[in-house]
Student: 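One structure, as structure tokens, below. Some questions next.
All residue numbers in this chain count up from 1 along the given sequence. Computed from a prediction, not measured in an experiment: that's the story for all the values here.
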Amino acid sequence: TGAAKLVVVIAIFLLTFYVISQVFEIKMDSNLGHIFGNVLSEILVYFLLKATKPPRYKCGIAKACPEKHFAFKMSSGAANVVGPKICVEDNVLMSGVKNNVGRGINVALVNGKTGELLDTKFFDMWGGDVAPLIEFLKTIQDGTIVLMATYDDGATKLNEEARKLIAELGSTSITNLGFRDNWVFCGGKGIKTKSPFEQHIKNNKDTNKYEGWPEVVEMEGCIPQKQD
């Protein structure tokens with residue numbers, strides 16, 4: 001960047017001046033010499049920190065995705081307090097900050113070819129009706145990436161039809177999803193195999209991190225871009 005180049009130029013100038021002053025024994029005011037020393041030290045620390053700072057990848061995942069893959073990271077809700085978060089290609093699609101998450105199953109649809117967001121919705125599986133979720137799942141087009149995350153309770157109103165439709169997107173855990181379980185899933189419409197992107201933690205009073213709820217479940221990875 002321009003700022004980094006400017007710092008390099010200043011550092012070279014100061015270092016050159018300092019070296020010349022030492023070689024030719026040019027007298028410098030003690031305060032000026034102290035200032036030069038401090039500036040050079042700060043510049044050196046800046047570059048050392050910059051060199052050792054780990055690179056940041058899209059959505060904050062641990063490593064870069066290969067070409068023709070979309071980076072994603074997601075987390076379930078925390079009890080009934082903090083909503084889930086879904087990020088694809090460094091774009092936060094759903095989160096409490098965006099105010100587009102809610103109790104139940106949160107769903108983000110992404111174009112499998114472009115990575116473009118198509119839609120976001122949440123379905124209350126405690127006090128709501130499963131019918132809107134079923135109708136929504138039936139409208140998803142082939143080639144669409146589907147990301148789902150639970151918040152509070154995502155299972156009470158689920159019926160066999162809804163679970164079957166989600167299983168057809170590549171989920172294996174949906175058949176066992178129970179009351180207040182935490183679950184995140186990334187699959188796709190028209191997928192031929194089971195998705196490798198799924199995490200599920202059961203609600204268990206003996207192991208729950210929060211009273212009445214298990215710990216947050218997180219997941220990240222690289223989604224293959226849909227090819228023609």
Student: Can you tell me how far the OG1 atom of Thr144 sits from the CG atom of Asp119, to the nearest 0.5 Å?
Tutor: 10.5 Å
Student: Looking at side-chain heavy atoms only, is the closest gap between Leu109 and Lys121 below 4.5 Å?
Tutor: no
Student: Does the pair Asn203 and Trp213 meet the rule for a side chain to side chain contact (heavy atoms under 4.5 Å, CB included), with working shown?
Tutor: CA-CA 6 Å; Asn203 169 25; Trp213 285 272; 5.9 Å; no
Student: For the hydrophobic clusters of this structure (ILVMFWY residues joined by side-chain heavy atoms under 4.5 Å, transitively), does one cluster hold both Ile105 and Leu117?
Tutor: no
Student: Given the side-chain rings of Phe185 and Phe197, with only the six-membered ring counted for Trp, is the space between their centroids under 6.0 Å?
Tutor: no
Student: Ring pair (Phe, Tyr, Trp, His ring centres under 6.0 Å) with Phe70: which residues, sequence neighbours excluded?
Tutor: none
Student: For Asn99, is the CG atom crowded, meaning more than 12 foreign heavy atoms sit under 6.0 Å from it?
Tutor: no
Student: Identify the two heavy atoms, one from Asp142 and one from Lys189, that lie closest to each other, and give their separation to 0.1 Å.
Tutor: OD1-CG, 3.3 Å
Student: At their closest point, which heavy atom of Arg103 faces which heavy atom of Phe122, and how far apart are they?
Tutor: O-CD1, 4.3 Å
Student: In chain order, what residues pass the ring pair (Phe, Tyr, Trp, His ring centres under 6.0 Å) check against Phe179, with sequence neighbours excluded?
Tutor: Trp126
Student: For a quick test of reading the model, state the closest non-hydrogen atom pair linking Gly221 to Cys65 and the distance between them.
Tutor: O-SG, 3.9 Å
Student: Is the shortest heavy-atom distance from the side chain of Asp129 to the side chain of Lys157 under 4.5 Å?
Tutor: no
Student: Taking the side chain from Thr150 and the backbone from Trp183, do they hold a donor-acceptor pair closer than 3.5 Å?
Tutor: yes
Student: Within the structure provided, determine whether Tyr210 and Val81 are in side-chain contact (heavy-atom separation under 4.5 Å).
Tutor: no
Student: Indicate yes or no: at least one non-hydrogen side-chain atom of Cys59 is less than 4.5 angstrom from one of Tyr57.
Tutor: no
Student: Between NZ of Lys58 and NE2 of His69, what distance do you get to the nearest 0.5 Å?
Tutor: 12.5 Å
Student: When rounded to the nearest 0.5 angstrom, what distance separates CZ in Phe72 from CD1 in Ile61?
Tutor: 8.5 Å
Student: For Gln225, is there any backbone N or O sitting under 3.5 Å from a side-chain donor or acceptor partner on Gln227?
Tutor: yes
Student: Mind checking the CG-CG spacing from Asn106 to Asn100? Nearest 0.5 Å is all I need.
Tutor: 8.0 Å
Student: Between Thr156 and Met125, is a side chain to side chain contact (heavy atoms under 4.5 Å, CB included) present by the stated rule, with each step listed?
Tutor: CA-CA 6 Å; Thr156 296; Met125 292 293 100; 5.6 Å; no
Student: Does a side-chain heavy-atom distance below 4.5 Å link Val107 with Val146?
Tutor: yes
Student: Just verifying a value: how many Å separate Ile166 CD1 and Ile174 CD1, rounded to the nearest 0.5 Å?
Tutor: 4.0 Å
Student: Let's go through Leu158 and Leu133 carefully: what are the C-alpha distance in whole Å and the side-chain angles of both, what is the deciding distance for side chain to side chain contact (heavy atoms under 4.5 Å, CB included) to 0.1 Å, and is it a yes or a no?
Tutor: CA-CA 9 Å; Leu158 281 179; Leu133 172 61; 3.8 Å; yes
Student: Under the salt bridge (charged side-chain N to carboxylate O under 4.0 Å, His left out) definition, can you give me all pairs with a residue in residues 190-214, not counting sequence neighbours?
Tutor: Asp181-Lys202
Student: Say whether, by atom type as modelled, one donor and one acceptor occur between the side chain of Asn91 and the main chain of Leu93 under 3.5 angstrom.
Tutor: no
Student: For Ala149 and Ser76, work out which heavy atoms get closest and say how close.
Tutor: CB-CA, 4.4 Å
Student: Please step through side chain to side chain contact (heavy atoms under 4.5 Å, CB included) for the pair Leu169 and Met148, ending with a clear verdict.
Tutor: CA-CA 11 Å; Leu169 299 172; Met148 297 183 171; 3.9 Å; yes
Student: Could you check whether Lys164 pairs with Glu168 (Lys NZ or Arg NE/NH1/NH2 to Asp/Glu carboxylate O, under 4.0 Å)?
Tutor: yes
Student: Does the Gln141 side chain pair with the main chain of Thr139, one donor and one acceptor, at a distance under 3.5 Å?
Tutor: yes
Student: Measure the shortest side-chain to side-chain distance between Lys85 and Val92 over non-hydrogen atoms and say whether it is less than 4.5 angstrom.
Tutor: yes
Student: Got a salt bridge between Glu89 and Lys73, using NZ or NE/NH1/NH2 to carboxylate O under 4.0 Å?
Tutor: no
Student: Would you mind checking if Asp90 and Arg56 are paired as a salt bridge, meaning a charged N to carboxylate O distance below 4.0 Å?
Tutor: yes
Student: Do we see a donor-acceptor contact under 3.5 Å between the side chains of Asn176 and Ser173?
Tutor: no
Student: Do Ser75 and Val217 come within less than 4.5 Å of each other through their side chains, counting heavy atoms only?
Tutor: no
Student: Would you compute the distance between atom CD of Glu161 and atom CD1 of Ile134 and round it to the nearest 0.5 angstrom?
Tutor: 4.0 Å
Student: Give the cluster check for Val101 versus Val216: same hydrophobic cluster or not, with ILVMFWY residues linked at side-chain heavy-atom distances below 4.5 Å.
Tutor: no
Student: Over all heavy atoms of both residues, which pair between Cys186 and Ile145 is shortest? Give the atoms and the distance, please.
Tutor: SG-CG2, 3.9 Å
Student: Mind checking whether Leu118 and Ile140 sit in one hydrophobic cluster, side chains of I, L, V, M, F, W, Y counted as touching below 4.5 Å?
Tutor: yes
Student: Just so I know, are the side chains of Leu147 and Val88 near enough to count as touching, which here means a heavy-atom distance under 4.5 Å?
Tutor: yes
